[in-house]
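Order of the sequence lines sets the chain letters (A, B, ...), proteins ahead of strands, with each chain counted from 1. What you see is a predicted model; the values in this text were computed from it and never measured.
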Amino acid sequence: MNPLSEIRARFSTTLSGMVDDSDNLLSMIRPAGDSEFGDYQANCAMPLGKQLGRSPREIASEICETVQLDGLCQKIEIAGPGFINLTIDDDWLKSGLTAALADDRLGVDRVSKPKTFVIDYSSPNVAKPMHVGHVRSTFIGDAISKVLRFVGHTAISDNHLGDWGTQFGMIIYGYKHFLDEAAYRQEPVAELGRLYKYVRKLMDYHAAVKRVPELEASLDELKRKQADLESTDSPGDKKAEKQLKKQLRQLKTKIEDQAEAVAGLKAKILEVDGDPDLVKDALAHPNINQNAQLETAALHEGDATNQGLWEEFLPLCRQDMQKIYDRLDIKFDYELGESFYHSELANVVSDLTDKGFTKESDGAICVFLDNHNAPMIIQKRDGAYLYSTTDLATIKYRMEKWNADACLYVVDHRQSEHFEKLFDVARLWGFDEVELAHVAFGTVMGPDGKPYKTRSGDTVGLSGLLDEAESRALEIATSQNPELTEERHREIANVIGIGGLKYADLSHNRGSDYEFNYEKMLALRGNTATYLQYSYARVQGILRRTEADVDSIRANPGEFLFENEVERQLGLKLIRFGEALDEVLVEYKPNVLCNYLFELSQLFAQFFDKCSVKDANSEDLKQSRLQLCDLTARTIRRGLELLGIGVLDKM
RNA sequence: GCCCCGAUAGCUCAGCUGGAUAGAGCAAUUGACUUCUAAUCAAUAGGUCGCAGGUUCGAAUCCUGCUCGGGGUGCCA
């Protein structure tokens with residue numbers, strides 16, 4: 001039992017005797033903001049005083065008299081307007097640590113009411129290279145799944161692959177017209193990738209050729225407007241003046257954006273124009289955009305040739321994608337892609353229609369919702385279905401198959417409106433018991449504060465990103481410890497490179513955008529995976545140098561001794577691992593666990609500095625310190641494992 | 001137009017279901033390696049929590065307005 005839930009349990013009895021609903025008050029018991037005030041503080045006397053019309057300090061002392069904290073807290077003080085400051089009893093702490101030492105779960109309880117969670121994350125489009133944008137969903141989803149499982153829930157991870165989309169129409173079109181058979185026989189995946197990129201290029205070319213004149217016309221129009229506004233006489237009154245300036249500013253950014261877009265499109269045209277083969281193919285395939293779309297439509301309608309090609313391509317693409325997941329050590333329980341649901345889509349629409357929830361509008365079948373202006377369209381005018389339809393079919397399947405208590409969607413925050421609508425429709429449809437949550441995350445930014453792109457403006461490919469992280473890590477590992485073998489260096493580089501990447505992502509609040517930076521990610525100091533991994537390696541160093549036998553430490557523990565204040569702090573932090581995990585799951589925020597592990601490692605570094613294990617004054621103290629070391633190492637290792645990050649005994 | 005999100009130290013970010021003197025890392029300055037890994041630790045300095053109001057014992061946190069920035073916005077995913 002972690003101290004916070006223990007304290008809350010004790011307060012619960014007292015508070016429920018004073019008010020009807022004590023849950024809110026219990027949540028006001030929290031870790032102390034300042035260690036001067038003790039370990040925990042209960043702030044519930046102030047609001048309670050108000051509610052009961054009495055002095056908060058009076059209430060506080062009444063609470064203190066009745067609450068049973070014997071054996072749990074050694075000091076209870078009332079301070080300021082009515083704060084109740086609590087200090088955990090050293091004996092309680094020591095017995096908790098002793099129990100954790102012998103426990104594979106480090107003293108973390110399993111939840112009393114396990115639930116079934118379905119977690120939808122990663123979800124890339126197969127046949128398109130994975131890029132930096134997939135990183136966050138993959139890491140965050142994986143970490144949440146692992147924490148859920150560790151605390152005792154059932155977590156079903158499901159990679160909702162985009163395996164039925166327009167990219168297959170493009171590849172099929174490419175296969176039919178541009179295939180290099182020898183290359184396909186030798187390296188099918190590479191050839192399919194080439195075909196995808198090739199068709200993409202030609203499609204972009206035609207789209208750009210068409211779009212540039214339109215954009216340029218609109219750009220001229222904007223510039224005219226700008227000139228008009230600039231030559232407008234000053235309106236005299238301040239408000240109008242301000243309005244005018246604002247309009248001009250907005251126009252200016254719009255002009256800049258469009259000019260940039262035109263330049264980008266022109267670059268794409270030039271790229272094709274500069275290559276005679278590309279020009280030839282571009283001219284020979286003027287309707288490639290429409291025709292690729294037709295290939296997709298044919299696939300969806302069950303065309304035998306396209307179906308056959310799709311069945312041939314899909315396993316190849318998935319195999320290729322699997323390489324990335326293997327490097328990241330990410331596994332899924334299920335990988336039910338969009339194609340898995342395609343036969344159900346018509347039923348979704350007809351069922352919703354039968355129940356009277358749909359309405360036809362401009363030929364499309366829609367579900368209108370009270371709190372949204374735009375409806376959710378579930379079938380297009382041309383009869384095709386949309387991702388909203390697939391998502392609804394997916395919810396139905398997950399409920400029927402797993403009877404989920406909660407479905408978590410770890411998806412980019414830009415899709416929040418889609419999920420609001422989706423969840424509303426699902427509830428309308430009858431799935432109103434399940435918790436449906438969009439675990440949204442922000443964008444990975446480049447050093448310019450814009451979404452992370454390569455210098456040429458393309459998205460950053462994931463496999464290249466991993467290569468770069470590992471090669472930089474290799475350089476660091478080699479220069480730090482030149483005496484190790486190259487094989488060891490590579491192993492270290494893998495663990496700190498991939499770990500650094502994951503930690504950089506997970507340590508940010510998932511809702512925020514963050515700036516991607518290799519240097520910071522792998523920095524030798526600061527709040528990085530390396531720092532945590534180094535702490536772990538230092539413990540292992542101590543255990544080696546003292547020739548400690550961890551099995552016997554765990555089996556025959558001595559008393560924990562707090563000779564130095566930092567030893568008590570470290571012990572308290574260790575016993576609070578479960579609190580951190582609970583906190584992660586309140587809002588599905590892995591950064592809470594990162595913070596905990598960083599603070600734990602900082603305390604260990606202080607302990608390392610001040611409290612020698614090898615040269616402890618007595619055997620008892622040495623034993624106690626070894627126990628703290630062992631617990632620290634196991635907590636860091638377990639915590640990092642839940643984040644999907646590895647550790648090393650030496651680095 | 002409408003909707004959503006953000007603005008915290010020079011930089012990158014925590015903190016946000018209201019709590020005590022706003023935190024960390026980096027960068028800067030200073031000190032500590034014959035020592036269990038210095039990939040470390042100790043210390044100094046750095047702030048009008050975008051602006052203006054409001055709510056209250058108490059506001060970075062909640063409410064309103066404004067400024068600036070980002071995103072979304074019926075037939076892409």
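Note on A:Glu515: only backbone sugar-phosphate atoms sit closer than 4.0 angstrom, heavy atoms only; bases stay farther off. Contact annotation for A:Cys611: base contact, defined as any heavy-atom pair under 4.0 Å involving a base atom. Residue-level contact check: A:Ala440 touches neither bases nor backbone, having no heavy atom under 4.0 Å from any strand. At the heavy-atom level, A:Tyr514 lies under 4.0 Å from the strands shown only through sugar-phosphate atoms. As judged by a 4.0 angstrom heavy-atom cut-off over every strand, A:Thr530 is placed among the base-contacting residues. At a threshold of 4.0 angstrom between heavy atoms, the contacts of A:Asp649 include nucleobase atoms, whether or not backbone atoms are also involved. Within 4.0 Å (heavy atoms only), A:Ala537 reaches at least one base atom of the nucleic acid.
The side chain of A:Asp609 lies closest to B:C41 when the candidates are B:A39, B:C41, B:U35. Counting only heavy atoms from C-beta on, A:His508 has its side chain closest to B:U12 among B:C41, B:U12, B:U37.
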Donor-acceptor pairs under 3.5 Å, side chain of residues 532-543 of chain A to any protein atom, not counting sequence neighbours: which ones?
{"residue": "A:Gln533", "atom": "NE2", "partner": "A:Val495", "partner atom": "O", "Å": "3.3"}
{"residue": "A:Gln533", "atom": "NE2", "partner": "A:Gly646", "partner atom": "O", "Å": "2.9"}
{"residue": "A:Ser535", "atom": "OG", "partner": "A:Tyr531", "partner atom": "O", "Å": "2.9"}
{"residue": "A:Tyr536", "atom": "OH", "partner": "A:Gln540", "partner atom": "NE2", "Å": "3.4"}
{"residue": "A:Tyr536", "atom": "OH", "partner": "A:Arg637", "partner atom": "NH1", "Å": "3.1"}

Only pairs under 3.5 Å count here: list side-chain donor-acceptor contacts from residues 604-620 of chain A, not counting sequence neighbours, and write none if there are none.
{"residue": "A:Ser612", "atom": "OG", "partner": "A:Asp615", "partner atom": "N", "Å": "3.0"}
{"residue": "A:Ser618", "atom": "OG", "partner": "A:Leu621", "partner atom": "N", "Å": "3.0"}

Identify every side-chain donor-acceptor pair in residues 23-35 of chain A under 3.5 Å, counting partners at least two apart or on other chains, and give the distances.
{"residue": "A:Ser27", "atom": "OG", "partner": "A:Asn24", "partner atom": "O", "Å": "2.7"}
{"residue": "A:Asp34", "atom": "OD1", "partner": "A:Glu36", "partner atom": "N", "Å": "2.9"}

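Between the side chain of A:Asp630 and the backbone N or O of A:Val550, no donor-acceptor pair lies under 3.5 Å.
Looking at residues two or more places apart in sequence or on another chain, you find no ring-ring contact (aromatic ring centres under 6.0 Å, His included) involving A:Tyr588. A:Asp204 meets the salt bridge (Lys or Arg N to Asp or Glu O under 4.0 Å) test with A:Arg200, A:Lys268; sequence neighbours excluded. For A:Thr166, the side chain to side chain contact (heavy atoms under 4.5 Å, CB included) partners two or more places apart in sequence, or in a different chain, are A:Thr296.
Heavy atoms of other residues, nucleotides or ligands lying less than 6.0 angstrom from CD of A:Glu547 number 12 at most.
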>> For a quick check, with a 4.0 angstrom heavy-atom cut-off, what is the B/S/- contact string for nucleotides 21-27 of chain B, read 5' to 3'?
In response: B--SSS-

> Where along nucleotides 71-77 of chain B does protein come under 4.0 Å, by heavy atom, of base (B) or sugar-phosphate alone (S), with - for untouched nucleotides?
Replying inline: SS-BBSB

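Within residues 48-57 of chain A, the residues that place at least one heavy atom under 4.0 Å from RNA chain B are, in residue-number order, A:Lys50.
A:Tyr409 and A:Phe423 have tilted rings, their planes meeting at an angle from 30° to 60° on a 0 to 90° scale.
Here A:Asn509 reaches the OP1 or OP2 of B:G15: one of its side-chain N or O atoms lies under 4.0 Å away. Of the side-chain N and O atoms in A:Arg538, none sit less than 4.0 angstrom from OP1 or OP2 of B:C36. Between A:Asn85 and the phosphate of B:A20, there is no side-chain N or O to OP1/OP2 separation shorter than 4.0 Å. OP1 or OP2 of B:C41 has at least one side-chain nitrogen or oxygen of A:Tyr531 nearer than 4.0 Å. In this model, the phosphate group of B:C41 is not approached by any side-chain N or O of A:Gln606 to a distance below 4.0 Å at OP1 or OP2.
Note: OH (A:Tyr534) to C1' (B:C36) measures 11 Å, nearest angstrom. B:C41 atom P lies 11 Å from atom CZ of A:Phe604, rounded to whole Å. The separation between A:His489 atom NE2 and B:A39 atom P is 13 Å, rounded to whole Å.
Ranked by how close their nearest RNA chain B nucleotide is to the 5' end, A:Lys589 and A:Phe607 are led by A:Lys589.
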>> Show, in sequence, the C-alpha distance, side-chain angles and deciding distance for A:Arg472 and A:Glu519, and conclude whether the salt bridge (charged side-chain N to carboxylate O under 4.0 Å, His left out) test is met.
In response: CA-CA 9 Å; A:Arg472 284 175 184 244; A:Glu519 278 82 17; 3.0 Å; yes

>> Working note: A:Glu335 + A:Asn159, criterion side-chain hydrogen bond (donor to acceptor under 3.5 Å, both in side chains); need CA distance, chi angles, decisive distance, verdict.
In response: CA-CA 4 Å; A:Glu335 293 192 292; A:Asn159 190 5; 3.0 Å; yes

> Going through the distances and angles, do A:Arg414 and A:Asp412 end up as a salt bridge (charged side-chain N to carboxylate O under 4.0 Å, His left out)?
Replying inline: CA-CA 5 Å; A:Arg414 281 176 290 207; A:Asp412 193 322; 2.8 Å; yes

>> Using the rule given for side-chain hydrogen bond (donor to acceptor under 3.5 Å, both in side chains), can you reason through A:Tyr503 versus A:Asn527, listing the C-alpha separation, both sets of side-chain angles and the distance that settles it, and then say yes or no?
In response: CA-CA 9 Å; A:Tyr503 191 84; A:Asn527 187 357; 2.5 Å; yes

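Aromatic ring centres of A:His160 and A:Tyr387: separated by at least 6.0 Å.
Contacts classified as side chain to side chain donor-acceptor pair (under 3.5 Å) and involving residues 130-139 of chain A (residues at least two apart or in different chains) are given here: A:Ser122-A:Thr138, A:Arg136-A:Asp505.
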Report each atom pair, protein N/O against N/O of nucleotides 17-19 of chain B, whose distance is under 3.5 angstrom.
{"residue": "B:G19", "atom": "OP2", "partner": "A:Arg30", "partner atom": "NH1", "Å": "3.3"}
{"residue": "B:G19", "atom": "O2'", "partner": "A:Gln41", "partner atom": "NE2", "Å": "3.4"}

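Taking CG of A:Asp39 as the start and CD1 of A:Ile7 as the end, the distance is 8.0 Å to the nearest 0.5 Å.
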>> Give the dot-bracket line for RNA chain B from 5' end to 3' end: parentheses for intra-strand Watson-Crick or G-U pairs under 3.5 Å, square brackets for crossings, | for inter-strand pairing, dots for unpaired.
In response: (((((((..((((.....[...)))).(((((.......))))).....(((((..]....))))))))))))....

